[in-house]
Amino acid sequence: MAKAEFTVVGSSPARIGGVERVVGKGVYGIDVMLKDQLHGGILRSQYAHAKIVSIDISEAKALLGVHAVVTAADAPDVRYGRSYIDRYILARHKVRFMGDPVAAVAAETPALVKQALKKIKVVYEPLPVVIDPEDAMRPEAPTLHEDMPLPKNLPDGVKVKNVCGFTAVHVGDPEKAMAEADVIVEEAYETKMIHPQYLEPRMTAAQVEPNGRLTVWANAQAPFPVRQEVAKTLGMPLNKVRVISAELGGGFGGKGSGITSGAAVEPICALLAMKAKRAVMIVLDKAEETISTTIRAGAKMYIKTGVKKDGTIVARTGKVIYDAGAYSGFGTQAGGRCTNMLGGWYLMPNCHIDGYVVYTNKQVCGPVRGPGGPQAAFAVESHMDSIATKLGMDPAEFRMKNMPKPGDKIVGVPKLRDVSLGETIRIAKEKIGWGKVKLEKNQGIGIATGSWIESAGPGGGAVVKINEDGSATVHIGKIDMGTIPGFGIPLIVAEELGIPVSDVTVVNVDTDASPWDAGTVGSRGILVSGTAARLAAIDARGQIFKMAASLLEASPDDLEIKDKQIRVKGTPAKSVALATVATNAHNIIGEVIGRGYCDNLALMAEEKAHGSSQPFTTHACIVEVDTDTGNVKILKYVAVHDIGFPIHRAAVEGQIEGAAAMSIGQALCEQVVFDKNGRTMNPSFVDYLMPTINMMPRIETTLVPGYPGAGPYGAKGAGEIACVPPLACIANAIYNATGVRIRKLPLSPENVLRSLKEA
Amino acid sequence: MEYFAPKSIAEALSLLERYGGEAKVIAGGTDVMVDIKYKEEPGCLINIKAIGGLAGIKENNGGVRIGPLTTIRDLETSALIRDKLPVLWEAAHQFASLQIRNTATIGGNICRASPSGETLTPLLVLEASGNIAFSDKETAEPFINFFSGPGKTTLGAKGLLTAIDVPYPAAESRGVYLKHAVRGAMDIAMVGVAVLITPDAAKKAVRDVRIGLGAVAPTPIRAAKAEASLRGKPLTPALLKQAAELAASEASPIDDQRSSAEYRRWIVEALTRRGLAQSWKAATGKEAV
């Protein structure tokens with residue numbers, strides 16, 4: 001669809017609420033101040049693996065100003081989890097990572113909370129600790145969860161332990177095809193744990209209402225799953241719990257997995273509020289956040305590919321070992337995704353990959369931006385270059401050689417509707433100057449591609465209410481963290497209703513008022529809420545037209561709205577103000593309420609019939625390696641993306657730049673470092689190295705038109721995919737500069753220099 | 001925690017005499033406040049910022065006298081420092097963020113005695129000394145003798161640094177301060193190397209050379225063997241390389257979350273080599289041959 005068809009969709013107006021955020025006037029969760037609010041804090045395990053022998057809270061409780069001290073004994077004996085229900089909100093019997101919540105305190109002041117936490121006496125019996133997931137799978141490894149069974153789908157005869165998820169990908173006859181290959185390349189890749197490091201600390205506040213209902217404020221990406229899990233873990237009926245979304249200062253998936261994300265900070269806070277009979281707020285500090293909340297897991301990936309001399313891939317086999325951490329968390333889903341993606345997004349006629357998701361004594365895997373994707377793409381796209389090198393082929397040409405066409409299948413996707421991958425490679429080569437740019441000594445050029453899923457996960461609804469003045473109030477179930485509520489949704493609703501963008505208000509999520517939603521996760525904002533909001537606006541418009549039709553003595557089908565005026569098409573003089581009709585409506589039906597939803601079954605059926613129109617991308621960069629220090633400087637970086645039709649172009653570019661920057665950080669410097677006892681060695685921003693702006697290249701983004709997606713106006717989700725290619729893109733450029741292939745992240749100065757010296 | 005803001009050096013010294021090990025002196029607070037928040041609260045905090053006359057930069061007897069309360073930003077924006085003590089200026093320039101430079105003081109950086117302290121290796125190669133006051137005496141102490149371990153100095157619990165004297169190096173000398181960190185100035189240095197080199201009149205041989213190493217030993221150190229290997233000799237690439245290797249062998253770095261000891265040695269070698277080559281070229285207009 002061409003941009004010219006639309007009034008506001010496809011443009012880039014300033015983000016609603018943007019100025020307030022920039023000048024520091026935005027109201028975040030931490031700004032909530034409830035009547036008689038107490039401060040809460042959590043006592044966390046100081047052992048990565050230990051039996052809890054006893055907990056003595058008497059001294060803490062006796063402190064003046066301490067209103068509640070809670071342990072597992074105060075909570076129902078109920079566990080939570082997603083694939084494995086393996087976790088208590090407060091540790092019972094055992095702790096499994098340093099940071100596991102053991103007890104909590106509510107007191108008058110933060111200093112008093114600290115003091116009381118110190119007075120809680122926990123006797124531990126330390127148990128052997130296992131940090132590396134591959135070690136954790138061995139029979140001699142300590143058992144982390146005594147009562148969790150191995151996955152039912154594990155192949156017969158596989159002797160493993162501590163496995164909490166298994167995915168097998170199988171296509172064709174890889175063994176036979178591998179035997180017939182001319183060239184076989186076999187490699188192993190490894191990525192490290194990184195923390196999403198949103199700047200806004202996690203908060204939650206809870207209060208028991210006079211009628212016994214519980215209200216929870218949370219800066220969670222998924223308020224409805226939080227409601228469900230708070231109710232479950234506290235043994236309350238769902239309708240007695242209300243979760244109100246506090247505005248988010250970043251989440252990146254780190255706040256996206258219900259109560260798992262914050263290690264149950266919401267039900268713990270609620271438990272304190274119930275016991276103290278006062279409102280309680282908990283705010284995590286940065287170090288506490290870094291050691292206890294959900295992360296992007298590290299993965300070990302074994303990959304082997306057979307190719308013909310002409311560059312045709314004939315087979316791939318592989319194994320993924322995905323680190324779930326102390327509890328299953330989002331590990332099974334992210335590890336499964338990683339396993340599928342190790343099969344790549346090129347033609348792959350024969351393939352077998354086993355993916356194991358493994359418990360270790362570390363913090364827990366969450367759905368961090370593109371879960372499983374960057375890890376897999378680091379292996380797949382570095383490996384593609386290794387194969388091309390062995391074949392003596394140009395890496396881009398080798399990729400083109402194995403390019404799927406519309407109608408083809410790739411691993412995990414039975415049918416592709418259209419394939420923009422080749423187009424993104426072509427444009428990226430042109431933008432970076434592939435084969436043309438003159439590289440100085442120690443400079444190198446690299447390319448890497450990526451893809452992301454189109455439809456996975458539940459649908460969701462939207463409600464559009466037309467106010468007396470013709471303005472619109474929109475309810476969706478997705479929270480605002482720089483995503484669609486401030487960008488895409490106002491444009492969509494304004495477009496369909498013929499009103500200015502500034503006349504659209506999108507309401508923060510309140511589970512008592514908003515349509516249910518699985519959360520702002522999985523690049524699903526535009527697909528789910530965008531679709532729903534568009535249909536809701538069209539529904540509202542239809543109702544308005546029906547009422548206007550009698551006033552204008554015309555058929556509703558002949559009406560249009562432009563600039564807040566309802567007109568008869570072709571006879572602009574016959575018009576009535578939207579506000580007039582909207583006001584009239586209030587006297588008749590109260591107000592016009594439009595309803596819309598995204599039907600996931602319908603989406604899946606569409607995808608089955610016509611194929612997936614998933615997004616593709618190619619990134620390319622030029623780096624310079626300091627062979628004395630190992631320092632890598634990115635001189636140029638281009639990101640070429642097909643994300644379908646960009647509803648808010650600047651927002652889409654912002655998402656791409658942000659996601660690319662996040663993975664550039666993972667590529668060059670970020671990792672959570674553990675000692676052998678499972679203690680995080682770099683919990684603060686001094687030691688956890690997020691890249692500064694000085695390290696960041698300008699990310700030159702190009703959006704490729706012409707490949708509509710399943711979202712409204714042909715949009716595709718754009719929040720995650722740019723995280724996928726950067727790791728391999730930079731590693732490939734380093735290889736091009738130095739001739740050294742680095743298969744382990746981060747590509748930090750030390751790792752690079754060591755690799756150069758060892759080569 | 002008790003809090004004092006003495007108005008004079010004498011008052012501060014008497015407080016230190018009284019509270020000793022329990023007391024913590026605070027100036028810019030960029031380290032102390034973080035420690036209070038995340039580590040231990042001291043029994044008593046002595047804020048010396050209200051003492052007059054402890055900030056400023058002025059020429060003094062063929063050198064510069066710097067007040068300990070002088071901020072890093074004041075050093076960075078001082079024409080005198082940039083002109084006469086460029087090695088110190090460079091360290092001030094690569095010192096964290098502008099906000100931190102506006103707050104942190106040189107005295108604080110010195111007394112914190114972190115092995116990675118940005119200004120320390122330049123002060124060692126410039127052969128600067130501190131004026132140290134106790135309640136009963138006052139001495140001038142060369143900084144080479146001042147640092148005794150991470151966070152430890154000859155000030156002990158009761159001394160106060162009241163001035164920093166930096167003599168001008170030889171007019172023909174040139175130097176550099178090179179810092180290695182993943183994120184540049186924003187990070188604590190993994191390795192810091194300060195080099196000051198003076199050629200002979202013919203610009204053929206090394207008349208004097210000083211090499212300071214930071215973050216690679218319990219205190220900032222001078223690489224004495226590397227220096228000795230160069231003095232009086234023409235600077236050839238082979239000699240330069242050998243001196244850099246000697247410097248690496250003189251370092252005694254540790255493994256920590258920032259980097260391994262081995263890597264720090266590699267960087268000492270690389271930065272010493274670079275520092276010597278750059279300084280030699282600046283001093284003589286020629287590459288080492």
Side-chain angles (χ1 to χ4, degrees), chain A residues 110-111 114-115 118 192-193 285-291 625-634 664-677 679-696 745-758, chain B residues 1 30-31 33-41 93-94 96-100 114 116 178-193 215 240-241 244-245 247-248 253-278:
Chain A
K114 248 184 172 172
Q115 203 187 337
K118 278 189 190 148
K192 298 290 187 183
M193 177 195 289
D285 77 30
K286 183 44 67 186
E288 191 179 16
E289 189 94 59
T290 303
I291 66 158
V625 181
D626 182 334
T627 53
D628 266 347
T629 63
N631 197 51
V632 174
K633 189 170 168 56
I634 303 173
I664 290 171
Q666 177 172 16
L668 293 182
C669 50
E670 286 185 48
Q671 64 171 322
V672 181
V673 183
F674 292 89
D675 71 4
K676 64 182 192 325
N677 300 317
R679 185 175 295 280
T680 302
M681 302 306 289
N682 57 341
S684 77
F685 274 150
V686 174
D687 291 322
Y688 183 92
L689 302 181
M690 287 181 82
T692 62
I693 196 69
N694 299 328
M695 292 173 68
M696 215 30 88
L745 291 184
L747 305 167
S748 60
E750 174 158 3
N751 191 17
V752 170
L753 188 60
R754 190 174 295 282
S755 304
L756 294 181
K757 283 186 186 279
E758 284 169 2
Chain B
M1 183 175 64
T30 54
D31 275 319
M33 290 307 291
V34 176
D35 284 353
I36 288 175
K37 196 163 175 194
Y38 293 104
K39 292 179 187 164
E40 213 61 46
E41 238 180 52
H93 182 57
Q94 294 198 42
S97 64
L98 182 58
Q99 291 91 332
I100 295 286
S114 163
S116 60
L178 300 175
K179 170 179 178 172
H180 182 65
V182 175
R183 302 181 296 186
M186 287 303 294
D187 276 341
I188 293 169
M190 264 185 215
V191 175
V193 173
L240 200 153
K241 186 166 175 286
E245 285 164 7
I254 53 163
D255 287 305
D256 67 9
Q257 71 277 7
R258 271 177 218 119
S259 80
S260 70
E262 187 182 30
Y263 179 71
R264 284 191 163 100
R265 276 190 212 278
W266 293 341
I267 298 300
V268 169
E269 195 272 327
L271 296 193
T272 305
R273 189 159 34 80
R274 274 186 190 179
L276 286 168
Q278 284 175 20

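Proteins get letters first, then strands, A, B, ... in listed order; numbering begins at 1 in each.
Residue pairs that meet the side-chain hydrogen bond (donor to acceptor under 3.5 Å, both in side chains) test with at least one member in residues 180-189 of chain B, sequence neighbours left out, are H180(B)-Y263(B), R183(B)-D187(B).
Highest contact tally toward chain A, considering only G184(B), S259(B), A185(B), S260(B), is held by S260(B) [criterion: heavy-atom pairs under 4.5 Å]. Contacts with chain B were tallied for T692(A), L753(A), D285(A), L689(A); L689(A) has the most, counting heavy-atom pairs under 4.5 Å. Considering only heavy-atom pairs separated by less than 4.5 Å from chain A, the leading option among R274(B), R264(B), E262(B) is R274(B).
Using a 4.5 Å cut-off between heavy atoms, T629(A) touches chain B through backbone and side chain atoms alike. Proximity to chain B (any heavy atom under 4.5 Å) is restricted, for F685(A), to the backbone atoms N, CA, C and O. With a 4.5 Å cut-off on non-hydrogen atoms, D675(A) does not touch chain B at all. Using a 4.5 Å cut-off between heavy atoms, D687(A) touches chain B through its side chain atoms alone.
Partners of E289(A) according to the salt bridge (charged side-chain N to carboxylate O under 4.0 Å, His left out) rule, which considers only residues two or more places apart in sequence or in another chain, are R202(A).
The closest side-chain heavy-atom distance from S97(B) to I100(B) is below 4.5 Å. Looking at heavy atoms from C-beta onward, E670(A) lies out of side-chain contact with P746(A) at the 4.5 angstrom threshold.
We find that R273(B) and E269(B) are joined by a salt bridge, their nearest charged nitrogen and carboxylate oxygen being less than 4.0 Å apart.
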